[in-house]
Amino acid sequence: MSRTVIENAVVATVDPVGTEHARGWVAIDGTRIAGVGSGDAPPELTAGATRLDARGHLVTPGLVNTHHHLYQWLTRGYAQDSILFDWLVALYPTWARIDADLVRDGAAGAMAVLARSGCTTVGDHHYVFPQGSGDILGGIIAAATDIGVRLHATRGSMDLGVSQGGLPPDFAVETTDAALTASADAVARYHDPGSDSMVRVAIAPCSPFSVTTDLLREAAVLARGLGVRLHTHGSETVEEAAFTLERFGMGPTDYLESVGWLGPDVWMAHCVHLDDTDIARFAAAGTGVAHCPSSNARLAAGTARVPALLAAGVPVGLGVDGAASNESGQLGTELRNAVLMNRLAWGASSMTGRDALRIGTMGGARVLGREREIGSIEPGKLADLALWRIDDVEHAGIADPIAALTLGGQPPLARLWVNGEVVVRDGDLARADQDDIARRAATASADLAARA
Ligand SMILES: [Zn+2]
């Protein structure tokens, strides 16, 4: 088994007590973390190992992305000044023309940027499946495998077209039965429940305004029967709350609870508009939240009550959301954006940089149900690690190395390990050709635009 020892780095373990080492080491054995500590690494660990002198660097757990729509890489820069519902209506006709080849090329672009921003685990929410579009999930999984990131894919769906009172056009939705059958098939084909799994699948009807009550209810039954998690959008905007109030006579949390969607196996994106009662019910149920600060700002959806969620014990992770509402696509920068947005909304002491690092790592691991395997630097966990350079001109001399990452500009990424494999080296993808990915993503974006 190959061993690598990272030495002389600042180490932020994000373990349960937030242990940090001003000069420490991390040892990787194969796919797992063999040890972590302060000062010099023990000679019995360095003997015969590949040694990496990482002075001037900060090592953290790899970042965990809990919400994305990778295919939206193909539609960056559209509907730049719209709120969510107008933005969706503007984009649905274009999205309805995707196919597996285009999505694979767009997803590769999105995941290249995620990896280069410190992300080791990618959560994706894919919910547009035009007829005859091929194996879209298979394309996303192939792109993740090429780049080397861990993937939590979801088989999403929409079955509530505009003629039935939903938001999406009828040509963009599936039947309820087709969505359920395809969801079960995706789990059977691609879900790996193993502890070192590189691909897991969850079931993810899109949102209360694009999915029928039957599909929500049946999807929850299906997922629980198959032992996989559930994901959707919830309480993103005031318009969504008005929709559920008018159609069902209740707010989004009441509605989702009424169809079996509050539970420890569920995570929801955004959850911007939760009141105290909603938060208490999320906490009691153990339902997780994907906090997407940049997307919420881009669409002027509001600021999620992350400090209140954390105080109540709700699992909270970070998400970039789709690149059509967050053209950056970087997860590393979401750490800083989470701090800034929450402080603007909830006050100076509402969130620290270390809080942001915790939700971006362990928080995300909890949200995805992987807290025993990833999210912190602890012996026995999978070796998903980010090594940030903080002796560059932008960060050198900063009083607190953690602030270089959480309050400063995103530091250059010296290395990214996923499952013990180097996925990024000196800022560039190590296993895939990022120039080729860029070319293919540009061509796919142009092809899709020409189809629309
Ligand atoms: Zn989303």
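Everything numeric here is computed off the predicted structure, so don't read it as measured data. Below, all heavy atoms of this structure are taken into account, side chains as well, without hydrogens, waters or symmetry copies. Numbering of ligands and ligand atoms starts at 1, following listing order. Along the sequence shown, residues carry numbers from 1.
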A.B. asks: If the plane angle is over 60° it's perpendicular, under 30° parallel, otherwise tilted; pick one for His67 and His231.
C.D. replies: perpendicular

A.B. asks: Can you say whether the rings of His233 and His270 are parallel (under 30°), tilted (30 to 60°) or perpendicular (over 60°)?
C.D. replies: parallel

A.B. asks: Which protein N, O or S atoms lie under 2.8 Å from the Zn ion (ligand 1), given by chain and residue number?
C.D. replies: His67 NE2, His69 NE2, His233 NE2, Asp321 OD1

A.B. asks: If you count the non-hydrogen atoms of other residues, nucleotides and ligands that lie under 6.0 Å from CZ in Arg372, is the total more than 12?
C.D. replies: no

A.B. asks: Can you tell me how far CG of Leu102 sits from OH of Tyr71, rounded to the nearest 0.5 angstrom?
C.D. replies: 13.0 Å

A.B. asks: Output yes when Arg358 and Asp355 qualify as a salt bridge under the 4.0 Å nitrogen-oxygen rule, no when they do not.
C.D. replies: no

A.B. asks: With a 4.0 Å cut-off on N to O distance, would you call Arg281 and Asp254 a salt bridge?
C.D. replies: yes

